[in-house]
Amino acid sequence: MAKESIYDLIFDIARHIPKGRVTSYGAIAKCIGTGASARLVGWAMHLAGNYPDVPAHRVVNSKGLLTGKHHFGGDRMEKLLKKEGIKVKNDQVQQFETVFWDPATLGL
DNA sequence: GTGGTGACTACTT
DNA sequence: AAAGTAGCCACCA
């Protein structure tokens, strides 16, 4: 049985992000219940490095900006997003509202 | 047990 | 409108 820490929840949500879609830290934060601590989500993504199943590259900030791409290893995040079919320009997701995926879609 | 940090968000000036 | 500050929670040393 998993401890189901808040990170596990975040990872679980991130893992359920459909291909070609992205989500924001605040959306996940709210979904897990923290709501006010979007920072934890960002931190969780840091730990996500240990979780290859967690597409942290699909998680961006509220503006659709690839804030964490620097931690991914340069343009790796942008490249991955483009590979997924997401248009990224200047570290910003194009059609962000179109590719935006809400964790509530899971059927919360 | 305490202190510092972190890939954010929202409000205020 | 833009810029700055404050708030928040959990992990690591």
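Heavy-atom basis, side chains included; hydrogens, waters and symmetry copies ignored. So that the names make sense, note that chain A is the first sequence line, chain B the second, and so on, each numbered from 1.
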Filter on salt bridge (Lys or Arg N to Asp or Glu O under 4.0 Å), then keep only pairs touching residues 13-22 of chain A, sequence neighbours left out; what's left? none
Within this structure, what is the [atom1]-to-[atom2] distance between [X] and [N], rounded to whole angstrom?
X	N	atom1	atom2	value
A:Leu40	C:dG7	CG	P	16 Å
A:Lys30	B:dT9	NZ	P	12 Å
A:Tyr7	B:dG6	OH	P	13 Å
A:Asp8	C:dC9	CG	C1'	16 Å
A:Ile10	B:dC8	CD1	P	13 Å
A:Tyr25	B:dC8	OH	C1'	8 Å
A:Met45	B:dT5	CE	C1'	17 Å
A:Trp43	B:dG4	CH2	C1'	10 Å

Interface with DNA chain B, restricted to residues 47-60 of chain A and to heavy atoms under 4.0 Å: A:Ala56
Close residues, residues 61-80 of chain A, relative to DNA chain B [heavy-atom separation under 4.0 Å]: A:Asn61, A:Ser62, A:Thr67, A:Gly68, A:His71, A:Phe72
Pair up each side-chain donor or acceptor in residues 84-93 of chain A with any protein partner under 3.5 Å, not counting sequence neighbours, and list the distances.
{"residue": "A:Glu84", "atom": "OE1", "partner": "A:Arg58", "partner atom": "NE", "Å": "3.4"}
{"residue": "A:Glu84", "atom": "OE1", "partner": "A:Arg58", "partner atom": "NH2", "Å": "2.5"}
{"residue": "A:Asp91", "atom": "OD1", "partner": "A:Lys69", "partner atom": "NZ", "Å": "2.5"}

According to side chain to side chain donor-acceptor pair (under 3.5 Å), who are the partners of A:Asn61, at least two apart in sequence or on a separate chain? none
Would you sort out whether A:Arg76 and A:His57 count as a side chain to side chain contact (heavy atoms under 4.5 Å, CB included), showing the intermediate values? CA-CA 9 Å; A:Arg76 201 158 173 191; A:His57 61 270; over 6 Å; no
Linking Ile, Leu, Val, Met, Phe, Trp and Tyr through side-chain heavy atoms less than 4.5 Å apart, which residues share a cluster with A:Leu65? none
In A:Thr105, A:Ile13, A:Ile17, A:Asp102, the residue satisfying side-chain contact (heavy atoms from CB on, under 4.5 Å) with A:Thr23 is A:Ile17
Output all residues satisfying side chain to side chain contact (heavy atoms under 4.5 Å, CB included) with A:Ser24, sequence neighbours left out; order by chain, then residue number. A:Ala27, A:Phe100
Going by side chain to side chain contact (heavy atoms under 4.5 Å, CB included), name the residues that satisfy it together with A:His70, two or more places apart in sequence or in a different chain. none
So what does the secondary structure string of DNA chain B come out as, 5' to 3', with Watson-Crick or wobble pairs under 3.5 angstrom, [ ] for crossing and | for pairs with another strand? .|||||.||||||
Drop me the distance from A:Ile10's CD1 to A:Tyr51's OH, to the nearest 0.5 angstrom. 11.0 Å
Nearest 0.5 angstrom please: A:Tyr25 OH to A:Leu40 CG, how far? 12.5 Å
Check: protein-nucleotides 4-6 of chain C nitrogen or oxygen pairs below 3.5 Å:
none

For residues A:Val54 and A:Leu47, determine if any side-chain heavy atom of one lies less than 4.5 Å from a side-chain heavy atom of the other. no
What I'd like to find out is whether the side chain of A:Leu80 reaches to under 4.5 Å of the side chain of A:Phe72, using heavy atoms alone. yes
Ring pair (Phe, Tyr, Trp, His ring centres under 6.0 Å) partners for A:Trp101, two or more places apart: none
